[in-house]
Amino acid sequence: MTDSAAGTAAVTASDASASDEFEREPVPESHRKSLFTVSAVWFGFPMILTNAVPGGLVVAMLGFWQGVGAILVANAIMFVYVSLLSWRAGRTGKSFSLQAIETFGTAGYAIASGFLSTVVVGWFAFNTGATGATLSEAFGWNEMLVAAIAGVVFIAVTYLGIRALSVLGTIAAPLFIVAVIVAVVIASQTADFSAVLSYGGEKVNDAMTFGVAVTAIMATFADSGTMTADFTRWARNGKEAVLATVTAFPIASLVAQLSGGVLVAAGAIALPAVNGGNFAPILTGTGNPLLNVFLLLFVVINLGSVCTHCLYNGALGWSHLTRSKMRLLTLILGVIGVIVAVLGAWQFFANWLALLGVLVPPLGAVLIADQIILARRNAGRPEKRFRVSALVAWAIGAGFALTSHFFAPALSDAVVGLVVGCLAYLALEQFTPKKEITR
């Protein structure tokens, strides 16, 4: 099936009412959402506090103009990357798992889907832990208890499904903009915003290269960006799926990362080479009770947006793998994630970025090469349990990215993995004869 009409035929009206999250079949046209609804899901996802952190970090390491350059390059790549995958999802109504079956095989897809569905649960755990740590630092509350309570709230929202993610995104994005404006107003009393454009970066022993900076920015959303189909399969067509993606990359992502970068360049954030663009402490320095209430709402809603989206990705993926329901997996994976968060997983942020930068983009590149570049060639291709060429191309791309990471730090290992993964798949497919349909 290569279009939404074919996807519609896969689900009857009775099936749709019994499976409103469509864990194992394409979303039928009758259940597609408006452009506003799908856009709200993506728009509220990257515009978060933990996305301001890497924006501030690369500016601290490279200086303002080089840091902004890395942010712009990374977002341009993410726009093309995620938009292509979203376009395919909008046309077919297929989730990431269903896309992966086409490319990696009915059994091979489990490797790709299982990997990414587990990684995003790790991000759920990280951001849940970050919620506890941020509120503990601001108010002196028990970090573990706050993380546990916040995690339960995030699980409950995710349980409600895609509509709840849309509503949360509609609230989270404007709230972030208000928070940034408030932070700038407060910081302007002591920081020098006139010096932003001339900011040269921090003096550090281990300098960050431009390539590493691009990887750091891409890696923050490489996983959910690759799984974009879980969100954009709800779009009415490919065009609206791409338009919804634009609200995230570059718009929402740039707002978050540039906000962190500007505050760092103005000297408003202490130890920016460590804290990046985390501007939450700015909001806690006034002692104003109303501002404290605002900070509480902002942190819970803002980080709750990324937590719920990641948990939704993970639950949808694992529900397909286990032939279960998204809501049941939301509860199971959510509890696991909260336990991991309480144990302090949020502290391993850099490790997650390194892992994602190497392993994830080549996977998405193989999907793009197979389902978009070679779409005509592969039309009507019979299913296979394992599509070895796809798995090998992913491994080759990841291997080159890993080599780049250790031996060519001036390059972006995320970009290297993406390009090599795509080219490797195209090359391998030249030696794979197109088989006739056997039906």
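Here, residue 1 is the first one in the sequence, and each next residue gets the next number. Keep in mind that the numbers below use all heavy atoms, side chains included, and drop hydrogens, waters and symmetry copies.
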**Study point:** Atom pair CZ/SG of F126 and C307 - distance to nearest 0.5 Å
**Key:** 9.5 Å
Review point. In Å, rounded to the nearest 0.5 Å, how long is the span from CG of L418 to CG of D413?
Key: 11.5 Å
Exercise for review: Test S117 against N313 for side-chain hydrogen bond (donor to acceptor under 3.5 Å, both in side chains), laying out the working first.
Suggested key: CA-CA 6 Å; S117 297; N313 279 141; over 6 Å; no
Review point. Taking atom types as modelled and ignoring hydrogens, do the side chains of W42 and T228 form a donor-acceptor contact shorter than 3.5 angstrom?
Key: yes
Check your understanding: Can T308 and T158 be counted as having a side-chain donor-acceptor contact under 3.5 angstrom?
Key -> no
Revision key, fill the gap. Between Y199 and P272, the two heavy atoms sitting closest are OH-CG, 4.3 Å
**Study point:** Intermediate values then yes/no, ring-ring contact (aromatic ring centres under 6.0 Å, His included), F231 and F96
**Key:** CA-CA 9 Å; F231 308 132; F96 168 74; over 10 Å; no
Check your understanding: Hey, are N292 and T284 close enough side-chain-wise for a donor-acceptor pair under 3.5 Å?
Key -> no
Point to revise | Euclidean distance, R233 CZ relative to T92 OG1, rounded to 0.5 Å | key: 10.0 Å
Exercise for review: Could you grab the distance from atom CZ of R24 to atom CD1 of I101, nearest 0.5 Å is fine?
Suggested key: 11.0 Å
Practice item. Could you walk me through whether Q99 and S95 pass the side-chain hydrogen bond (donor to acceptor under 3.5 Å, both in side chains) test, one step at a time? Key: CA-CA 6 Å; Q99 286 185 341; S95 65; over 6 Å; no
Review point. Between S34 (side chain) and T37 (backbone), is there a donor-acceptor pair under 3.5 Å?
Key: yes
Point to revise | salt_bridge(D20, K325) N-O dist < 4.0 Å | key: no
Check your understanding: Taking the side chain from S253 and the backbone from P250, do they hold a donor-acceptor pair closer than 3.5 Å?
Key -> no
Check your understanding: Looking at F249 versus Y81, is the centre-to-centre ring distance below 6.0 Å?
Key -> no
Exercise for review: Taking atom types as modelled, find out whether S39 and T247 have a side-chain donor-acceptor pair closer than 3.5 angstrom.
Suggested key: no
Point to revise | Heavy-atom donor-acceptor pair, H31 side chain to V27 backbone, under 3.5 Å | key: no
Review point. Among side-chain atoms of T103 and Y425, is any donor-acceptor pair under 3.5 angstrom?
Key: no
Review point. Any sub-3.5 Å donor-acceptor pair from T209's side-chain atoms to P409's backbone N or O?
Key: yes
**Study point:** Rounded distance [0.5 Å steps], OG1 in T215 versus CE in M208
**Key:** 9.5 Å
Review point. Can R88 and E102 be counted as an ion pair, charged N to O under 4.0 angstrom?
Key: yes
Study note, to complete from the structure: For I149, the side chain to side chain contact (heavy atoms under 4.5 Å, CB included) test, sequence neighbours excluded, returns L145
Review point. Side chain of S113, backbone of A110: donor and acceptor closer than 3.5 Å?
Key: no
Review point. Do E21 and R327 meet the salt-bridge criterion of a basic N to acidic O distance under 4.0 Å?
Key: yes
Check your understanding: Do any N or O atoms from the side chain of S404 and from the backbone of F400 form a donor-acceptor pair under 3.5 angstrom?
Key -> no
Practice item. Rounded to the nearest 0.5 Å, what's the gap from CG on L85 to OG1 on T245? Could you check? Key: 9.0 Å
Review point. Would H320 and Y109 count as a ring-ring contact (aromatic ring centres under 6.0 Å, His included) if you check the C-alpha gap in whole Å, the side-chain angles of each, and the deciding distance to 0.1 Å?
Key: CA-CA 11 Å; H320 191 281; Y109 94 98; 5.3 Å; yes
